[in-house]
S.K.: 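Dropping a structure here in structure tokens format, bear with me for questions.
Only a predicted model underlies this, so the values are computations on that prediction, with no experimental measurement involved. Per chain, numbering begins at 1; letters A, B, ... match sequence-line order.
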Amino acid sequence: MTQSDTPHLVLVDGSGFIFRAFHALPPMTSPDGVPVNAVYGFTNMLARMLREHVGTHLAVIFDAGRHTFRSEIYPQYKAHRPEPPEDLRPQFSLIRDATRAFNVPSIELQGWEADDLIASYACAVRKIGGTCTIVSSDKDLMQLVGDGVCMLDPMKQTPIGLPEVEKKFGVLPEKVVEVQALMGDSTDNVPGVPGIGPKTASALINEFGTLEAVLAAAPDMKKSKRRDMLIEHAEAARISRKLVELACDVPLPEPIEDLRVRELDKLTLADWLESMGFRSVLSRLGVSHPAGAHAHRVAHATAHASINGAAQTAATPAPSESTPNAALLAAPYSGYETVRTAEALQKWVSAAQEAGLCAVDTETDGLDPLNANMVGLSLATAPGKACYVPLRHEGTLEEPAGEQLSVQAALELIRPLLTDDTTLKIFQNAKFDLLVFDRAGLDYASITAVDDTMLMSYAQSAGLHGQGMDELSTLHLGHTPISYDSVTGTGRNRVPFAQVAVARATEYAAEDADVTLRLWHVLRPTLRTNQALALYEQIERPLSPVLAGMEKAGIAIDRAELGRLSEDFAGRMAVMEKEIHAAAGREFNVASPRQLGEILFDEMGLKGGKRGKAGAWGTDSSVLQDLADQGHDLPEKVLAWRQLAKLKSTYTDALLRQASTEDRVHTSFQMAITTTGRLSSNEPNLQNIPIRTEEGSRIRQAFIAPKGKKLISADYSQIELRLLADVANIPALREAFALGQDIHARTASEVFGIPLEGMDALTRRRAKAINFGIIYGISAFGLSRQLGIPAGEARSYIDAYFARYPGIRDYMERMREQARAQGYVLTPFGRRCYVPTINEKSAARRQYGERQAINAPLQGGAADIIKRAMVRLPQALKDAGFSARMLLQVHDELLFEAEDHEAKAVAALVRNIMESAAELSVPLVVETGIGHNWAEAH
DNA sequence: ATGTAAAACCAG
DNA sequence: ACGCTGGTTTTACATA
């Protein structure tokens with residue numbers, strides 16, 4: 001080591017590092033079975049510090065004990081900290097072993113936090129003219145940055161200097177304590193001033209300079225909640241400042257000169273690394289190592305753990321990484337034509353037909369295609385070559401819209417193009433434009449030869465990124481199109497598209513068509529290379545006009561009945577509200593969970609409250625139900641009130657508002673939202689109409705068939721479990737389905753070893769919960785909570801389940817492996833479901849990714865199957881001579897409207913088509929029902 | 001005034 | 001952190 005006059009002291013925040021590494025790294029164990037992931041991360045980091053010899057002096061600083069001067073002045077300080085997790089506890093002493101093995105001094109001092117020691121060493125080294133690097137990402141240490149002191153993020157290996165501190169706190173390091181005093185810190189229980197967050201705090205400090213100056217200025221501020229809070233909580237802020245300010249004058253347990261970087265004792269180090277199984281560290285250090293054991297990672301850990309992140313698995317290149325050809329990138333996104341005459345439009349139509357393809361886009365005065373009017377349309381025939389046809393622009397006195405074709409005239413000119421099945425029409429989200437044309441007078445069903453870039457992208461990248469045009473353009477073309485907001489303005493400056501100047505509208509709208517066309521050129525080849533062509537051509541693309549028809553049809557509601565329900569709910573809520581206020585002892589907003597929490601747990605002093613992330617009391621239904629079960633009156637009443645409030649606001653009132661003058665509600669199905677291939681429904685969401693409670697089912701009764709007709713419901717029975725039996729190839733489950741047995745009872749019989757005959761309800765319920773749990777990627781914790789049994793018991797159920805059905809465990813592991821290796825899993829029909837979080841460092845997020853990977857093929861496979869049936873059904877109904885219409889899809893259920901006299905025959909046909917939509921190793925079973933309303937049919 | 005996050009709860 | 005996939009409403013708060 002070189003001697004140097006100006007020491008450079010590296011201080012490693014050992015305590016901070018342990019927690020961060022523990023949560024960031026996958027679980028792993030040493031050869032003798034002790035969890036060591038945090039130790040491994042620490043060892044790697046320390047090795048790196050020594051290898052890159054960033055400093056002349058080095059020490060690792062630890063916390064010592066829980067009691068410090070901070071808990072003296074504020075007993076709640078860090079009081080809510082839970083005990084460290086079980087897997088972390090044995091690692092604390094191992095990390096101290098690591099410092100010894102590396103011959104690095106470790107320093108701690110009773111009564112002081114590591115942060116204070118670090119601050120004191122930093123001050124001391126600065127005083128003697130040296131420099132200091134603090135290896136930590138703890139924001140509390142950022143106040144020390146500057147003047148020879150900098151920080152280094154130990155995981156990301158990125159420096160934290162003045163710019164980073166300023167970005168984080170909005171002020172320079174010397175003002176950080178002032179900001180922290182105002183904003184507080186919930187993780188350490190530093191109170192701060194309520195209602196003041198990072199933004200407000202830094203704004204105040206930048207204005208007044210110090211906490212004291214802010215507090216002094218508070219009484220003169222304009223009257224506001226903020227002013228009152230500053231005055232009321234001034235003392236809390238002063239205490240907070242004392243809590244966050246680090247002590248610079250702690251006596252140094254080791255003089256700085258003793259911290260000079262020491263020689264490694266390679267044998268000691270190699271021995272220790274060997275005992276921990278850290279062979280990779282050994283070889284990286286260039287220390288010769290004896291042959292032997294290596295780190296054994298537990299079953300669920302990725303094999304690519306590394307704090308450098310160097311060995312991340314690479315997902316298969318997404319379509320985004322394909323290189324668009326040069327012509328696509330070269331043509332400018334400008335120079336578009338405004339089309340104002342029949343002749344000009346005719347020329348564009350001819351050009352499109354000559355090219356054999358074009359992109360089409362419509363502009364409207366609204367986002368609901370069933371109520372929006374066409375304001376203009378655009379065509380693109382080649383990259384960079386596009387036009388806009390204004391139709392309903394209004395213009396102003398200074399800037400008249402100029403000559404425009406009528407909607408009628410334009411439609412007649414473009415009809416031959418749209419109905420020409422030798423010219424491909426490319427849309428981004430075709431369903432929307434189809435319905436816009438339909439409303440304008442051009443039957444959507446007559447539009448042929450359609451491609452949809454949104455669906456082309458979704459079919460190969462669900463879950464990887466959004467499928468909006470702007471996002472796809474930025475991703476694949478490297479070009480960000482003009483935003484809609486910049487054209488129409490936002491907030492109260494927003495104008496309808498019809499009032500946008502035609503020249504500006506042309507730049508925007510023609511570009512959209514141009515971008516759509518270019519996206520097609522990029523996505524078309526990748527559909528094949530990503531093996532998504534069949535999925536797109538046979539499922540997604542043909543489904544689009546089917547959904548358009550369903551949205552257009554809508555479903556009839558019983559307006560009078562919904563009105564009565566609303567009244568009924570309102571009346572009962574009013575009574576309950578009075579009772580609730582009486583029981584609470586004062587009036588409050590029953591709809592406010594926060595106020596309710598204060599009443600229950602602060603004022604009434606009830607026990608059993610849990611605080612959420614933001615520190616607010618949790619008052620969800622499980623909490624209230626627990627309190628009700630203890631005999632408390634108020635929580636039970638609130639539960640009942642909430643149920644009615646939900647039903648009224650979300651369903652009865654909203655449906656009455658949304659229904660058309662013909663008393664039908666028209667949902668919108670989103671085709672490219674979910675990560676699994678499911679549809680979603682919104683405005684209104686008709687996929688979550690209540691059914692599970694008595695009150696809720698009254699709302700379903702208000703969805704009706706018009707006079708002379710019936711509703712028919714057809715739903716797949718246990719489709720996801722059938723897929724599981726098929727995909728995981730579980731003989732017992734397959735047999736049960738083949739025999740038409742009660743699948744949950746059969747599971748109970750297999751797993752608990754009791755006869756199928758006379759199965760008791762409780763045991764069956766447990767088996768059912770496990771079956772569903774498997775589909776969702778179960779944990780013992782989750783199952784225990786679901787069933788209200790101890791976690792240990794739940795664990796033993798799961799073990800018994802896996803012992804009986806080892807194929808399911810294999811399936812789960814296969815999906816985890818696939819997701820890790822490729823970044824996605826596949827449904828049985830080849831749909832890719834990306835799982836972007838699968839290789840994350842945080843254990844929680846990674847496990848979430850693993851559950852997604854297990855669930856997606858089942859949920860997505862079911863979505864594929866019902867979509868296949870939906871694509872076939874309209875034609876099948878028509879071919880059979882039925883006038884019946886498909887109205888809704890609810891994931892495993894389809895709802896139809898049919899003439900009274902054909903209802904039974906329609907139900908039989910529907911069942912047939914749905915059951916034959918896929919050929920699995922287990923039968924698909926569909927149950928149908930017929931009724932005057934949805935509740936009856938289901 | 002307008003936008004957004006968090007909490008709560010509806011469905012499969 | 002705590003089983004998967006969604007959407008809507010409300011409150012509470014930050015920002016224009």
S.K.: Considering residues at least two apart in sequence or located in another chain, which fulfil the side chain to side chain contact (heavy atoms under 4.5 Å, CB included) criterion with A:Asn589?
M.R.: A:Ala591, A:Ser592, A:Gln595

S.K.: Report the distance from atom CG of A:Leu624 to atom P of B:dA7, rounded to the nearest whole Å.
M.R.: 15 Å

S.K.: Which residues pass the salt bridge (Lys or Arg N to Asp or Glu O under 4.0 Å) test with A:Asp485, not counting sequence neighbours?
M.R.: A:Arg494

S.K.: Among residues 792-801 of chain A, which residues get a heavy atom nearer than 4.0 Å to DNA chain C?
M.R.: none

S.K.: A:Tyr805 and A:Tyr801: aromatic ring centres closer than 6.0 Å?
M.R.: yes

S.K.: Base, sugar-phosphate alone, or nothing: which one does A:Asp715 contact when heavy atoms must sit under 4.0 Å apart?
M.R.: nothing

S.K.: Would you tell me if any nitrogen or oxygen in the side chain of A:Arg700 comes within less than 4.0 Å of OP1 or OP2 on B:dC10?
M.R.: no

S.K.: Below 4.0 angstrom from OP1 or OP2 of B:dA7, is there any side-chain N or O of A:Arg594?
M.R.: no

S.K.: What is the distance from CZ of A:Phe569 to C1' of B:dC10, rounded to the nearest Å?
M.R.: 13 Å

S.K.: Taking CD from A:Glu840 and P from C:dA1, how many angstroms apart are they, rounded to a whole number?
M.R.: 14 Å

S.K.: Please check the phosphate of B:dA8 (OP1 and OP2 only) for any side-chain N or O of A:Gln643 closer than 4.0 Å.
M.R.: no

S.K.: What residue pairs, at least two apart or across chains, pass salt bridge (Lys or Arg N to Asp or Glu O under 4.0 Å) with a residue in residues 686-698 of chain A?
M.R.: A:Asp568-A:Arg698, A:Arg572-A:Glu695, A:Glu695-A:Arg698

S.K.: Measuring from the side chain of A:Asp892 (C-beta onward, heavy atoms only), which nucleotide among B:dG12, B:dA8, C:dT8 has the closest atom?
M.R.: B:dG12

S.K.: Within a radius of less than 6.0 Å around CD of A:Glu598, do more than 12 heavy atoms belonging to other residues, nucleotides or ligands occur?
M.R.: yes

S.K.: Between B:dC9, B:dG12, C:dT9, which nucleotide gets closest to the side-chain atoms of A:Val890?
M.R.: B:dG12

S.K.: Looking at every strand, decide which applies to A:Gln670 at a 4.0 Å heavy-atom threshold: base, sugar-phosphate, or nothing.
M.R.: nothing

S.K.: Report the distance from atom CD1 of A:Ile689 to atom P of B:dC9, rounded to the nearest whole Å.
M.R.: 18 Å

S.K.: Have A:Tyr651 and A:Asn688 got a donor and an acceptor in their side chains that come within less than 3.5 Å?
M.R.: yes

S.K.: Grab the CG-P distance between A:Leu647 and B:dA8 for me, whole Å please.
M.R.: 18 Å

S.K.: Rounded to whole Å, how long is the line connecting atom CD of A:Gln658 with atom P of C:dT9?
M.R.: 7 Å

S.K.: Of the listed nucleotides (C:dG7, B:dA11, B:dA8), which one gets closest to any side-chain atom of A:Arg642?
M.R.: B:dA8

S.K.: Can you list every pair that meets salt bridge (Lys or Arg N to Asp or Glu O under 4.0 Å) and has a residue in residues 675-691 of chain A, with sequence neighbours left out?
M.R.: A:Arg678-A:Glu720

S.K.: Measure from the side-chain heavy atoms of A:Ser592 and tell me the nearest of C:dT9, B:dA8, C:dT11.
M.R.: C:dT11

S.K.: Given the C1' atoms of B:dA5 and C:dG3, what is the spacing between them in whole Å?
M.R.: 24 Å

S.K.: Classify the ring geometry of A:Phe601 against A:Trp617: parallel below 30°, tilted from 30° to 60°, perpendicular beyond 60°.
M.R.: tilted

S.K.: How many whole angstroms separate atom NE2 of A:His938 from atom P of B:dC10?
M.R.: 17 Å

S.K.: Could you pull out all residues at least two apart from A:Gln889 that satisfy side chain to side chain contact (heavy atoms under 4.5 Å, CB included)?
M.R.: A:Met550, A:Leu679, A:Gln687, A:Ile866, A:Met870, A:His891, A:Leu894

S.K.: Pick base, sugar-phosphate or nothing for A:Thr490, based on heavy-atom distances below 4.0 Å to the nucleic acid.
M.R.: nothing

S.K.: For A:Glu577, enumerate each residue passing the salt bridge (Lys or Arg N to Asp or Glu O under 4.0 Å) test, keeping only those at least two apart in sequence or located in another chain.
M.R.: none

S.K.: Which of the following nucleotides, B:dA8, C:dA1, B:dG12, is nearest to the side chain of A:Arg692?
M.R.: B:dG12

S.K.: For B:dC10, does the base pair up with any side-chain atom of A:Lys646 as donor and acceptor (N or O, under 3.5 Å, distance only)?
M.R.: no

S.K.: For A:Thr667, check side chain to side chain contact (heavy atoms under 4.5 Å, CB included) against everything at least two apart and list the hits.
M.R.: A:Phe669, A:Ser681, A:Leu686, A:Leu888

S.K.: Taking NZ from A:Lys648 and P from B:dA8, how many angstroms apart are they, rounded to a whole number?
M.R.: 22 Å

S.K.: Show the distances under 3.5 angstrom between N or O atoms of the protein and N or O atoms of nucleotides 2-6 of chain C.
M.R.:
residue: C:dG3; atom: OP1; partner: A:Arg785; partner atom: NH2; Å: 2.8
residue: C:dG3; atom: O3'; partner: A:Arg851; partner atom: NE; Å: 3.1
residue: C:dG3; atom: N7; partner: A:Gly773; partner atom: O; Å: 3.4
residue: C:dG3; atom: N1; partner: A:Gln786; partner atom: OE1; Å: 3.2
residue: C:dC4; atom: OP1; partner: A:Arg851; partner atom: NE; Å: 3.0
residue: C:dC4; atom: OP1; partner: A:Arg851; partner atom: NH2; Å: 3.1
residue: C:dC4; atom: O2; partner: A:Gln859; partner atom: NE2; Å: 3.4
residue: C:dT5; atom: OP1; partner: A:Gln852; partner atom: NE2; Å: 2.6
residue: C:dT5; atom: OP2; partner: A:Tyr848; partner atom: OH; Å: 3.1
residue: C:dT5; atom: O4'; partner: A:Gln859; partner atom: OE1; Å: 3.0
residue: C:dT5; atom: O4'; partner: A:Gln859; partner atom: NE2; Å: 2.9
residue: C:dT5; atom: O2; partner: A:Arg678; partner atom: NH1; Å: 3.2
residue: C:dG6; atom: OP1; partner: A:Thr675; partner atom: N; Å: 3.0

S.K.: Mind checking the P distance from C:dC2 to B:dA8? Whole angstroms is fine.
M.R.: 14 Å

